[in-house]
Amino acid sequence: MLQAKINIARLFLLSLIGSCLLWISWPPLPLNFVIFIGFVPLLLIEDNISLYHKKRGFKVFLLSYFTFLCWNTFTTYWIWFASPGGAVMAIALNSLLMTIPFFTFHFVKRKLGKTWGYTSLICFWLCLEMLHLNWDAPWPWLNIGNVFAVSRNWVQWYEYTGALGGTVWVWVVNILIYTLIGVRNQESRVRIRKLVGVIAIVLVPIIISYIIKPKNPALTNKANVVAVQPNIDPYNDKFDTATYDYQINTLISLSEQKVDSNTVFVAWPETAIAELINEQTIFSYRSITKIHNFLKRHAHLKLITGVNSYGTYPMGGAHSETARMYPDNSGWYEGYNAAFEMDHTDSVHIYHKFKLVPGVEKMPYPSVLSFLESYSISMGGPGGSLGSNYAPVPFKVNDSVKVAPIICYESIFGNYVSQFVKNGADVLAIITNDGWWQNTPGYKQHLYTGALRAIETREFIVRAANTGISCFIMPSGEILQATDYWVPAAIKSPLIICHKQTFYTRFGDYIGWAGVYLAGFFVILLMILMLKSVFFKPKSA
């Protein structure tokens, strides 16, 4: 395909260029279109090594790992501000995991040719993204379909495919562009026909997206919702016991500024109640008493708030694998990153965050890696592996409104969020604390990626963030009333109820599962060919 061998130094330079293209295409930068050529340098590197270089497998592995390592570093360096060790681990391991699909594709392409090889690349990459969405150490932050989180008007069709549809789109365009520019001995008519095809594959989904984009419904004040941003420093103040009264007073004061007789519920951020609450004795705490008095003044109101909580197990009784024993050996306790739904009565509904941050809130595969528990990173609260829910059940605010409590990291899991809607949620409430990453692209990436959930489910989102950005997100993905970062605020919006389940909500990540099954087919076929070459070598003449 290429006419000349490229030396190893230039291949490394090409690898760096590729990683920079991927980096500048990523949110929050508005250059998402660059992603359509972002993988072209890597495809060129693989093709050149396959044709002209010795130790092909090693060089493909090395250069693709270098590309992904640079991309991961440039895009998610902000993890360092929360945990230097966690940043090194996440970036190094995710780069390695990204290398595996590309490395495997290289062997399929050598054995089965370009057409099957490039098809397998898409399937293997979908396997990686499905792994990140479903295994015990998930990190789907750089799943490729998330790249359009800024250009949401381009991907309104995510309501049919989810973000994995964007992943397929990006890879198909990159492969077609590479085959267009990489083959030099084509007739001009063939090249023009291919060029027209590539342009169509880029533009047609965008045109369809603008056609199917829903119009924003007329807003009324018959029912509204309030989101509160208290702006509590998570490092110095959030988990300082001396600030608990101040924090609750700030949350209540900001809420009082916006609450009226039509307000259905108020959303406070993740761990808004920083005082460690025993779920068996909720109403014995000073913070809860203050909140209860606030809700009694507004008897029509529900509060959805993040809570730093724990539950207990009696000594000798059954307990979960993430429970820990009290120092005095009197029983077991388990910490939670929780959401409470409260009103003026003594009724409290509780949800425990399910998609926990690996290495921070959960040690992956605790039955195997429990010896690493002491190395987990503490972000306030009980520390160590937390307990979790096993069913995405929404809160029932009233007879006509059910709200899904989406806690922080959970907002980047499209299929998990859609299960709340499948179980009856009418509104998504994303409660988060993004201050750990300081003023870096991290909190903006989190906001924009969460906005894709509105398109996938066609649901209204209420976003309450401790330090920003708090906002409301329409079912079209449009962001309204976005607050400033690191500024206390309270915002109010009419409540939008769509009563619709999208194709994606009903069928989930079917594209990803199709990729997994096809990738399995390629792996089996590759193994058969390898065994054949070992046991059925052709006889020499």
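Sequence positions, counted from 1, serve as the residue numbers for this chain.
One finds no salt bridge joining Glu275 and Arg286 here, because no Lys/Arg side-chain nitrogen approaches an Asp/Glu carboxylate oxygen to under 4.0 Å.
Using modelled atom types, one finds no donor on one side chain facing an acceptor on the other under 3.5 Å when comparing Thr449 with Trp141. Side-chain polar atoms of Lys492 and Gln481 form no donor-acceptor pair below 3.5 angstrom. Donor-acceptor pairing under 3.5 Å is lacking for the side chains of Glu334 and His352. Looking only at atom types and distance, the side chain of Thr243 has a donor-acceptor partner in the side chain of Gln247 under 3.5 Å away. At a cut-off of 3.5 Å, with distance as the only test, a side-chain donor of Tyr504 or Asp509 sits close to an acceptor on the other residue.
Taking every heavy atom of both residues into account, Cys408 and Glu270 meet most closely at CB-OE1, 3.3 Å. Scanning all heavy atoms of the two residues, the minimum distance from Pro234 to Asn466 falls at CD-ND2, 4.4 Å. The minimum heavy-atom distance between Val397 and Lys302, with the atom names listed, is O-NZ, 2.9 Å. Taking each heavy atom of Arg453 and Gly414 in turn, the nearest pair found is NE-CA, 3.4 Å.
Asn32 pairs by the side chain to side chain donor-acceptor pair (under 3.5 Å) definition with Ser151, not counting sequence neighbours. For Ser418, the side chain to side chain donor-acceptor pair (under 3.5 Å) criterion is met by no residue, not counting sequence neighbours.
Side-chain rings of Tyr485 and Trp437 stay apart, their centers remaining 6.0 Å or farther from each other. Aromatic pair Trp154/Trp169: ring centres not closer than 6.0 Å. Aromatic ring centroids of Tyr351 and Phe420 lie under 6.0 Å apart.
Counting only residues at least two apart or in different chains, side-chain hydrogen bond (donor to acceptor under 3.5 Å, both in side chains) contacts with residues 223-234 comprise Asn224-Asp260, Asn224-Thr263, Gln229-Ser470, Gln229-Thr483, Asp233-Asn236.
No more than 12 heavy atoms of other residues, nucleotides or ligands sit less than 6.0 Å from atom NE2 of His349. No more than 12 heavy atoms of other residues, nucleotides or ligands shown are found within 6.0 angstrom of OH on Tyr246. Crowding of Trp486 atom CH2: a count of heavy atoms from other residues, nucleotides or ligands under 6.0 Å exceeding 12. Within 6.0 Å of atom OH in Tyr160, 12 or fewer heavy atoms from other residues, nucleotides or ligands are found, so the atom counts as exposed in its surroundings.
Between Tyr416 and Phe354, the ring-plane angle classifies as parallel under the 30° and 60° cut-offs.
Here the side chains of Tyr244 and Ile273 are not in contact, with every heavy-atom distance at 4.5 Å or above.
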